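Have a look at the structure below before the remarks.
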Amino acid sequence: MNSNVKKFVTLLVSIMIILGFSAILEKQRQDPLEKQVSSMKLEDKVAQMMIASFRVWKEVPETEDEVQPQQEPPAVNITELNDEIRDMLGRDHFGGVLLFGENFVDAEQTLRLTADMQNANKSGGGLPLMFFVDQEGGNVSRIGYSTIGVSNMALAATGDPENARKMASVHGEEIGLLGIRADFAPVVDVNNNPANPVIGNRSFSDDPETVSKFSCAYLNGLHDVGIAATLKHFPGHGNTDTDSHTGFPLINNSYEELKACELIPFKAAIDAGADMVMTAHIQYPQIETETYTSVSTGEQVFLPATMSRKILTDILRGDMGFQGVIVSDALDMTAITDFFSVEDIVKYTINAGADLLILPGVKDTKLFALTQTYLDTAVSLVKAGEIDEARINDAVLRILRLKQKYGILDQKDFDVTEEKISAAKNGVGSAAHRETERQIAEKALTLVKNENNAFPIEMKTGETTLILFADSCASRAGAGELARELLEEKQALPEGAEILVMKNTRDNEADCIEAACRADHVILVHRVYAAACLDSETGDGFSSGTFDRLIDAVHEKGKTVIVVSCQLPYDAARFPAADAVLLTWWGSAMPTLPLEGSTWSSNLPEGLLACFGQGSADGRLPVNIPTLDEQYRTTDQILYPRSA
């Protein structure tokens, strides 16, 4: 080999070595989080995949011998750390904590609770926690002192996705002021089954395109204020008549059928930049065919989406291209706990592709111990080769990237300052946010029927209007008192006019009908939260029978009746004899006039004000409302077609 060739070879080798080192250095510069994951202990990596929730503390004896019937241990909401939880957070470095209603008292208390959790975790060398909350708006709003918001179906009833963006920004800004960086919202389920007992008005619509538009707007609203968004419940919880909190739903749809409906809004929101996707505890036997023998009944069940690699990895990751964090729905729901062992819950869920597992919520000391069991079980399964550590590494890397995106990994100081307290007190549930909610609630009001000029009521001097609440919404009767007070403040009632508020019970039907016949105007407030509310023969729906007889009696007197729906809209078909039907899309519990400074949803109060001409009712139907049969079950015939 001559000298020139030798020089060339030497130069080539040198270049290759330099390039090799450069590639290594570049990789380290580009992916420091990979290096961080590789340096973590297995126990810490597994804990990063776990979301703990500490809701109620109650001492439960470990054995029956320790039980003393005369001394029931008190149950205390966890609004501050006790020694046991503090020690656990210092030892087990969870990826995050999910906060529930029991954890919230006021803004300062919440800031101190989250700060104490962060400091306890930090004392043991843990990476900063990510806090999560289900703040969807409407009936799933965990923070009692916040702007509760309207339901998703109400947002869609406004016809303008910008209202979803505004409402989401309100929720996001408020939870951000409390140190919470992730919202388990929006719900992107298509509510294509009117009998659905768990989704209902948490869904935007029964139309996938409408759900897509409003879901993406909601997601953007959270991102506008720096909050991570979560799509739920994949691959769709809208076409079921079973609640996974209390049963084990099964949807017998094929993959092609899901692609034609349920998966449309998921794909749209994934493409719009969703951070997380939450799984559904639902069986899809046409997609996931693997069965499991129930540990409690011995029956054969199909693996739910939460535990299905076909659904989470092949479809969600592969076909739909989702690269963010997959989070399980809570693992203490009946659909999980009544059928699967802890070991198999952990093994199947992680192997399916879930990155974050929501552990059973702590409501007593046995459940507190179960939290540790989940962690120990996961570590043991990895060591035994039942779970590949590469799967763990992949999940933790996604989690750390999410934390990095929202500035959580950079957090060092968790002190609660007066500035933070002041900002939270002034921002959470602020007058400006409440006004945004009120305006949206009014825009959502939807008048589906108006005959005989029944709506709005034109009260004259000395007249009386009866507002009668069905038993199913008796806990909302304070909205009637509030409407009366607001009308008086607006000076919208003529001299001597009165508003009488009553609640229907099993024992006072005659009194209700008599009061309605004496009144000059009648408003009936009805609430459907389950199909049984439509059936007068059930405990949930007996008031509907009272309303039927009352409407007939009032008509005999030559007067009109307005029915106001305050949750699911399907009672619009229940009272065909009513002269007017107004949909408000929700109404928060308000048994009496609310205390000064407390918050409530504006939907129902705004609806009642509109009945007296104080507000518009220009909303559009985001769902089809079907005709009911003689047993008050929904049919395939559409009575009021979707217009939004």
Side-chain angles (χ1 to χ4, degrees), residues 49-53 95-100 130-137 140-142 152 168 171-172 175 180-191 196 198-199 202-204 211 215-216 218-219 222-223 227-240 243-245 249 251 258 262-263 265-270 272-284 288 303-309 311-313 315-317 320 322-333 335-336 345 348-350 352-361 395 398-399 402:
M49 297 178 65
M50 306 292 174
I51 299 175
S53 61
V97 174
L98 173 58
L99 299 174
F100 281 89
M130 192 168 196
F131 289 100
F132 305 82
V133 69
D134 291 290
Q135 193 74 354
E136 299 172 9
V140 179
S141 299
R142 306 299 190 194
N152 282 348
H171 294 315
I175 67 175
I180 302 167
R181 298 248 63 89
D183 194 356
F184 283 152
V187 172
V188 299
D189 299 313
V190 180
N191 198 64
N196 193 312
V198 64
I199 301 302
R202 295 168 66 193
S203 167
F204 292 104
V211 175
S215 296
C216 290
Y218 195 107
L219 177 149
L222 290 176
H223 285 174
I227 299 297
T230 312
L231 314 181
K232 58 188 190 187
H233 309 79
F234 189 83
H237 209 314
N239 190 21
T240 174
D243 183 350
S244 53
H245 293 81
I251 295 178
L258 290 182
E262 282 84 354
L263 296 185
F266 278 101
K267 179 58 176 171
I270 287 169
D275 303 286
M276 293 181 282
V277 171
M278 181 179 286
T279 69
H281 300 328
I282 299 176
Q283 304 168 83
Y284 293 86
E288 178 54 77
L303 293 182
T306 299
M307 300 180 183
S308 169
R309 184 171 178 82
I311 292 175
L312 300 189
T313 298
I315 294 176
L316 181 54
R317 291 272 189 231
M320 301 181 70
F322 180 62
Q323 296 302 311
V325 171
I326 298 175
V327 55
S328 78
D329 206 341
L331 296 176
D332 54 3
M333 295 184 186
I336 300 298
I345 292 171
Y348 279 108
T349 302
I350 293 177
D355 304 308
L356 278 170
L357 281 62
I358 302 178
L359 301 184
R398 292 181 191 276
I399 294 163
L402 179 65

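What you see is a predicted model, and the numbers here were worked out from it, not measured in a lab.
Put simply, CG on L316 and CZ on F234 are 4.5 Å apart, with the number rounded to the nearest 0.5 Å. In this structure, CE on M49 lies 11.0 Å from CG on L359, to the nearest 0.5 angstrom. To the nearest 0.5 angstrom, S215 atom OG is 7.5 Å from L231 atom CG. Expressed to the nearest 0.5 Å, how far CD1 of I51 lies from CG of L98 amounts to 6.5 Å. Atom CG of D355 is separated from atom OG1 of T349 by 12.0 Å, given to the nearest 0.5 angstrom. Here the straight-line distance linking atom CD1 of I345 with atom CE of M307 works out to 5.0 Å at 0.5 Å rounding.
Between V211 and P265, the shortest heavy-atom contact is CG1-CB, 3.6 Å. Closest heavy-atom contact between L331 and P360: O-CG, 4.1 Å. Listed here is the closest heavy atom pair of A272 and L219: O-CD2, 3.6 Å. Of all the heavy atoms in A228 and M276, the pair that sits closest is CB-CE, 4.3 Å. Between L357 and S328, the shortest heavy-atom contact is CA-OG, 3.5 Å. The shortest heavy-atom contact between S203 and I199 is CB-CG2, 3.7 Å.
At least one donor-acceptor pair closer than 3.5 Å links the side chain of R317 to the backbone N or O of F322. Looking only at distances, a side-chain donor or acceptor of N152 sits under 3.5 Å from a matching main-chain atom of R202. H281 places a side-chain N or O within 3.5 Å of a backbone atom of A330 that can act as its donor or acceptor partner. Distance alone, capped at 3.5 Å, is enough to place a donor-acceptor pair between the D275 side chain and the A229 backbone.
For S308, the side chain to side chain donor-acceptor pair (under 3.5 Å) partners are E288, not counting sequence neighbours. Applying the side chain to side chain donor-acceptor pair (under 3.5 Å) criterion to T279, with sequence neighbours excluded, gives T306. Remark: Y218 pairs with no residue by the ring-ring contact (aromatic ring centres under 6.0 Å, His included) rule, at least two apart or across chains.
In this pair, F184 and F132 present their aromatic rings parallel. The plane angle is below 30°, not in the 30 to 60° band.
In this structure the side chain of F131 never reaches within 4.5 angstrom of the side chain of I175, judged on heavy atoms. A heavy-atom distance below 4.5 Å is not found between the side chains of F266 and P235. The shortest distance between side-chain heavy atoms of Q135 and I180 does not fall below 4.5 Å.
With respect to D189, the side chain to side chain donor-acceptor pair (under 3.5 Å) criterion is satisfied by exactly one of H237, K232, H233: H233.
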K267 and L263: side-chain contact (heavy atoms from CB on, under 4.5 Å), yes or no, with the steps?
-> CA-CA 6 Å; K267 179 58 176 171; L263 296 185; 5.8 Å; no
side-chain contact (heavy atoms from CB on, under 4.5 Å) between R398 and L356, worked out = CA-CA 10 Å; R398 292 181 191 276; L356 278 170; over 6 Å; no
